[in-house]
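Take a look at the structure below.
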Amino acid sequence: MATHNEDTVRYTVTKMKQLGIAPADRVVCFGQLLGMCDQISFNLGQSGYSIYKYVPYGEVLEVLPYLSRRALENRGVLEKTTKERRLLGKELRRRIFSGQWAYTPKGDFWPV
């Protein structure tokens with residue numbers, strides 16, 4: 001499922017549960033453009049879902065139209081960036097005040 005939309009991710013996770021598809025089954029992967037919606041990717045990964053980030057590459061004149069279309073599709077990217085920044089600040093404050101500088105993810109998650 002390639003999406004930057006939180007509602008689409010929630011819908012997909014709910015549908016997977018309804019259909020009895022577990023994250024460990026690895027039949028559904030979630031993907032986003034590198035640098036976008038990391039707050040979604042991180043939480044999905046921590047919950048055991050398969051995640052990938054992709055990087056478009058090539059000549060600037062070839063890649064720019066693609067990135068322009070993604071920007072138009074994701075007009076709310078500034079709002080998402082603001083949300084990510086707020087979440088990162090919250091996590092940083094939590095780590096500072098709890099004395100937990102390093103974070104060790106729970107679970108035994110391996111990429112497919």
Side-chain angles (χ1 to χ4, degrees):
M1 174 60 61
T3 182
H4 298 109
N5 185 297
E6 290 182 49
D7 293 332
T8 303
V9 170
R10 280 190 202 98
Y11 174 81
T12 304
V13 168
T14 300
K15 200 64 165 171
M16 287 174 68
K17 289 177 183 175
Q18 290 172 353
L19 295 172
I21 300 171
D25 294 342
R26 303 285 192 234
V27 294
V28 175
C29 295
F30 292 88
Q32 292 99 22
L33 185 60
L34 182 65
M36 290 187 69
C37 297
D38 292 334
Q39 81 278 7
I40 295 173
S41 307
F42 182 80
N43 290 326
L44 285 168
Q46 288 296 293
S47 299
Y49 292 91
S50 294
I51 298 293
Y52 67 91
K53 291 288 194 170
Y54 68 96
V55 179
Y57 64 94
E59 298 289 325
V60 172
L61 293 176
E62 294 174 1
V63 176
L64 199 53
Y66 173 79
L67 292 174
S68 297
R69 287 193 303 275
R70 297 293 78 77
L72 288 172
E73 291 171 0
N74 295 288
R75 290 184 182 176
V77 74
L78 188 56
E79 293 172 13
K80 291 176 185 175
T81 303
T82 302
K83 182 177 182 178
E84 281 192 52
R85 190 172 172 192
R86 181 180 50 78
L87 291 171
L88 285 170
K90 183 178 176 182
E91 177 64 12
L92 183 58
R93 285 187 296 280
R94 185 192 69 76
R95 289 185 187 196
I96 289 170
F97 293 119
S98 71
Q100 180 188 5
W101 297 100
Y103 180 77
T104 305
K106 296 177 184 173
D108 185 24
F109 306 118
W110 291 94
V112 176

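These numbers were taken from a predicted model, which means no experiment stands behind them. Numbers here are sequence positions counted from 1.
- Atom-to-atom distance recorded for T8:OG1 and E6:CD is 10.0 Å, nearest 0.5 angstrom.
- Connection of Y52 to V55 is not established within any shared hydrophobic cluster, with ILVMFWY side chains joined at heavy-atom distances below 4.5 Å, either directly or through further cluster members.
- Nearest approach of P23 to G48, heavy atoms of both residues: CB-O, 3.4 Å.
- In terms of heavy-atom proximity, G58 sits nearest to E62 at CA-OE1, 4.3 Å.
- Rounding to the nearest 0.5 Å places CD of Q39 at 13.0 Å from CD of E91.
- Judged purely by atom type and a 3.5 angstrom limit, T3 uses its side chain to pair as donor or acceptor with the backbone of N5.
- Interatomic distance, NZ of K90 versus CZ of R93, reported as 9.0 Å (0.5 Å rounding).
- Atom OG1 in T12 sits 12.0 Å away from atom NZ in K17 (nearest 0.5 Å).
- The CZ atom of F42 lies 10.0 Å from the CG atom of L88; values are rounded to the nearest 0.5 Å.
- Residues Y49 and R26 come closest through the heavy atom pair C-NH1, 3.8 Å.
- Shortest non-hydrogen contact noted between L33 and K53 is O-NZ, 3.9 Å.
- Linking Ile, Leu, Val, Met, Phe, Trp and Tyr whenever their side-chain heavy atoms come within less than 4.5 Å puts V13 and L19 in one cluster.
- The local environment of OH in Y11 is sparse, with at most 12 non-hydrogen atoms from other residues, nucleotides or ligands closer than 6.0 Å.
- Shown here is M1, whose CE atom has no more than 12 heavy atoms of other residues, nucleotides or ligands within 6.0 Å.
- A continuous path of hydrophobic side-chain contacts links I51 to V27 [ILVMFWY only; heavy atoms under 4.5 Å].
- In terms of modelled atom types and a separation under 3.5 Å, the side chain of Q32 and the main chain of A2 share no donor-acceptor contact.
- A 4.5 Å side-chain heavy-atom check between L92 and I96 finds at least one atom pair inside the cut-off.
- Taking a 6.0 Å sphere around CD of E59, one finds it holds 12 or fewer heavy atoms contributed by other residues, nucleotides or ligands.
- Connection of V60 to Y57 is not established within any shared hydrophobic cluster, with ILVMFWY side chains joined at heavy-atom distances below 4.5 Å, either directly or through further cluster members.
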